[in-house]
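Whatever order the structure lists ligands and atoms in, that order sets their numbers, starting from 1.
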Amino acid sequence: MTELAERPPATTENGAPTMGHVHHWIGGRIVEGSSGRVGKVYDPATGRQTKEVDFASSDEVDAAVHAALAAFPAWRATSISKRTDVMFRIRNLVDQHRRDIAALLTSEHGKVTSDALGEIARGLENLEFATGIPHLLKGGYSEQVSTGVDVYQLRQPLGVTAGITPFNFPAMVPMWMFGNAIACGNTFILKPSEKDPSAALFLAELLAEAGVPDGVFSVINGDKVAVDRILAHPDVQAVSFVGSTPIARYIYETGTRNGKRVQALGGAKNHMVVLPDADIDLTADAAVSAAYGSAGERCMAISVVVAVGDVGDALVEAIKTRLPKVKVGPGSDPASEMGPLVTREHRDKVASYLDKGKEQGADVVCDGREHPLYGGEGFYLGVSLIDRVTPEMDSYRNEIFGPVLEVVRVATYADAVKLVNDNPFGNGAAIFTRDGGAARQFQFEVQAGMVGVNVPIPVPVASYSFGGWKDSLFGDLHMYGPEGIQFYTRAKVVTSRWPDPGTSKVDLGFPRTR
Ligand code: NAD
């Protein structure tokens with residue numbers, strides 16, 4: 001097995017782990033950073049810094065682009081069957097190392113092991129999709145569009161592509177991107193979140209072991225300096241981004257201004273509309289699972305329950321009774337259902353919305369700061385529930401991205417849809433009901449890119465594509481699935497004929513079919 005995977009955790013004389021250092025991966029090997037700038041990586045369960053991560057300079061980004069550019073001609077010329085073979089081997093190695101990757105996710109992000117394994121499973125789906133590249137790259141062919149003339153369409157790779165990813169899915173979101181990108185024949189540079197960068201390096205080693213040639217996949221660690229150089233570099237053809245809305249907008253505007261193809265997925269405020277006929281227990285189970293799983297740090301987490309008509313009291317009561325049973329603790333403890341938040345600053349920002357909610361007249365039914373782990377060394381916050389939230393309140397107007405569920409009460413179905421559609425975000429939206437007609441109407445008129453009918457987290461499977469509407473996505477194409485293949489290729493249409501030279505003559509008229 002590879003260097004990183006085999007390396008036992010370094011320890012001091014008394015057995016405590018020493019500080020690790022996360023470098024870059026360029027040209028098929030680990031490259032130590034030379035900028036002199038580093039970031040801190042924490043174990044959120046203990047609150048202790050465990051690693052340093054190199055922050056790349058523009059020159060280091062240029063080195064990765066140089067390696068990617070050099071690797072591109074041979075990789076794009078590699079037969080589709082050989083690239084497919086490599087994709088299968090990547091898929092199998094990631095599958096084999098699920099637990100190693102999950103342990104890295106837990107140690108830097110804080111999520112519980114079962115959730116980390118779920119993230120990897122959803123990423124693997126995307127690698128499996130990419131193994132179908134011989135089918136996915138098939139073009140169209142029309143024989144005899146004019147006499148003796150055939151037309152066919154090819155899809156060709158773009159060249160050097162890049163992905164910039166968020167802290168909350170350090171393995172899955174890179175897999176959303178690089179599987180399709182490299183299967184299509186591109187080279188790919190990943191800039192992972194500086195908060196939890198190790199999974200990216202681990203994946204790089206697996207890719208190398210699977211036979212991905214040097215330079216086809218690189219990892220550049222860093223911050224805005226690295227991102228800005230990626231956005232400005234003339235040899236980077238396309239940028240995929242997932243993160244918060246302000247940065248997504250910036251990435252889209254800067255990247256497209258510099259002539260790049262960009263898909264930039266942003267933040268979310270996902271509503272779960274509950275109609276009066278919904279099964280209360282089933283709905284409450286779904287709301288609690290979707291709001292607090294991964295400590296609410298999922299772009300598809302349910303953050304707002306919209307209680308329609310008289311369902312509010314019973315639903316809030318049913319959610320409330322479930323909250324004390326949510327086990328909060330270290331991600332590495334199999335008994336934990338919810339781990340800490342990613343950093344202390346983020347935890348404190350999330351908690352601040354509880355005070356804002358109270359000040360602005362909402363009813364804080366459950367305050368996560370009362371959990372015994374809050375205030376300790378780890379970045380814990382217990383589950384929180386805020387009832388009687390209104391659209392003007394700060395907690396509603398912002399993406400909280402933590403274990404805080406809000407309840408907005410409305411009188412009618414029409415009020416619920418208006419609330420969802422007036423919200424600037426449009427990532428996911430769900431409806432809980434036993435009325436098929438109401439669900440169909442919701443699917444027809446709700447302004448969101450991903451809709452759940454009695455499904456609280458409607459993340460599309462890999463054979464569809466992922467993406468929101470409005471401020472949740474900037475760009476034209478959604479991520480992964482068929483739209484991912486479109487994003488990472490450009491079309492070329494060939495018109496061909498093999499005429500008898502004896503019939504040739506000069507004709508200055510505009511070509512038309514005969
Ligand atoms: P973030 O926007 O802070 O960071 C995302 C990436 O951008 C990171 O790699 C980071 O280093 C980089 N970055 C940060 N500031 C930058 C700047 N000023 N200039 C250039 N690059 C910069 O997001 P995050 O906190 O890592 O992730 C959480 C956010 O991501 C939430 O808003 C969540 O909703 C969103 N998200 C969206 C989806 C989706 O599919 N729509 C999926 C996951 C997460």
Side-chain angles (χ1 to χ4, degrees), residues 22 37 39-41 53-56 58 61 108-111 119 122-123 126 162-177 189-197 199-200 219-232 239-255 262-270 294-303 341-343 345-347 349-350 398-402 424-429 448-450 457-460 465-475 477-481 483-484:
V22 186
R37 293 191 313 122
K40 294 177 178 180
V41 180
V53 54
D54 288 331
F55 278 6
S58 296
V61 173
E108 295 180 1
H109 174 282
K111 58 178 72 180
E119 160 172 1
R122 295 306 303 261
N126 291 275
I164 299 154
T165 54
F167 80 82
N168 66 320
F169 286 114
M172 180 183 79
V173 171
M175 288 192 260
W176 283 2
M177 299 173 181
I189 298 168
L190 173 62
K191 205 305 279 173
S193 168
E194 64 279 26
K195 297 192 177 92
D196 42 20
V219 179
I220 277 289
N221 280 305
D223 57 358
K224 184 170 166 53
V225 172
V227 172
D228 283 347
R229 182 56 189 152
I230 288 170
L231 294 173
V239 176
S240 300
F241 172 86
V242 176
S244 60
T245 288
I247 309 296
R249 188 180 277 118
Y250 168 75
I251 300 281
Y252 182 76
E253 288 173 356
T254 313
V262 180
Q263 52 179 187
L265 277 59
K269 194 85 181 174
N270 304 309
S294 204
E297 293 172 326
R298 288 182 185 142
C299 63
M300 289 293 278
I302 288 295
S303 43
L341 278 79
V342 69
T343 58
E345 296 69 36
H346 184 58
R347 192 269 315 268
K349 186 165 170 229
V350 170
N398 292 288
E399 180 184 33
I400 299 179
F401 218 58
F425 295 110
N427 214 36
M450 294 167 284
I457 305 188
V459 174
S465 299
F466 181 110
W469 286 14
K470 301 189 279 183
D471 284 359
S472 294
L473 186 143
F474 302 89
L477 290 172
H478 289 194
M479 204 162 274
Y480 71 70
E483 292 188 42

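By the 3.5 Å distance cut-off applied to N or O atoms, T245 is not counted among the residues near ligand 1. Of the N or O atoms in T165, one or more lie within a sub-3.5 Å distance of an N or O in ligand 1. Below 3.5 Å of separation, one finds an N or O of K191 facing an N or O of ligand 1. At least one N or O atom of G266, backbone or side chain, sits closer than 3.5 Å to an N or O atom of ligand 1. Of the N or O atoms in D228, none lie within a sub-3.5 Å distance of an N or O in ligand 1. By the 3.5 Å distance cut-off applied to N or O atoms, G243 is counted among the residues near ligand 1. For the pair S244 and ligand 1, the shortest N or O to N or O distance falls below 3.5 Å. Residue contacts with ligand 1: I164 is placed with no nitrogen or oxygen under 3.5 Å of a nitrogen or oxygen of the ligand (distance criterion only).
D223 and R37 are joined by a salt bridge, as a carboxylate oxygen and a charged side-chain nitrogen come within less than 4.0 angstrom of each other.
Of the options A264, A226, C299, P246, the smallest heavy-atom separation from atom 36 (N) of ligand 1 is shown by C299.
Residues K470 and F425 form no side-chain contact, since every pair of their non-hydrogen atoms from C-beta on lies 4.5 Å or further apart. Using a 4.5 Å heavy-atom cutoff, the side chains of F466 and M300 are in contact.
Less than 4.0 angstrom separates atom 26 (O) of ligand 1 from at least one non-hydrogen atom of the protein.
Of the possible donor and acceptor atoms, none in the side chain of N221 sits under 3.5 Å from a partner among the backbone N and O of F55. Remark: side-chain polar atoms of Q263 are not paired, donor with acceptor, to backbone N or O of G475 under 3.5 angstrom.
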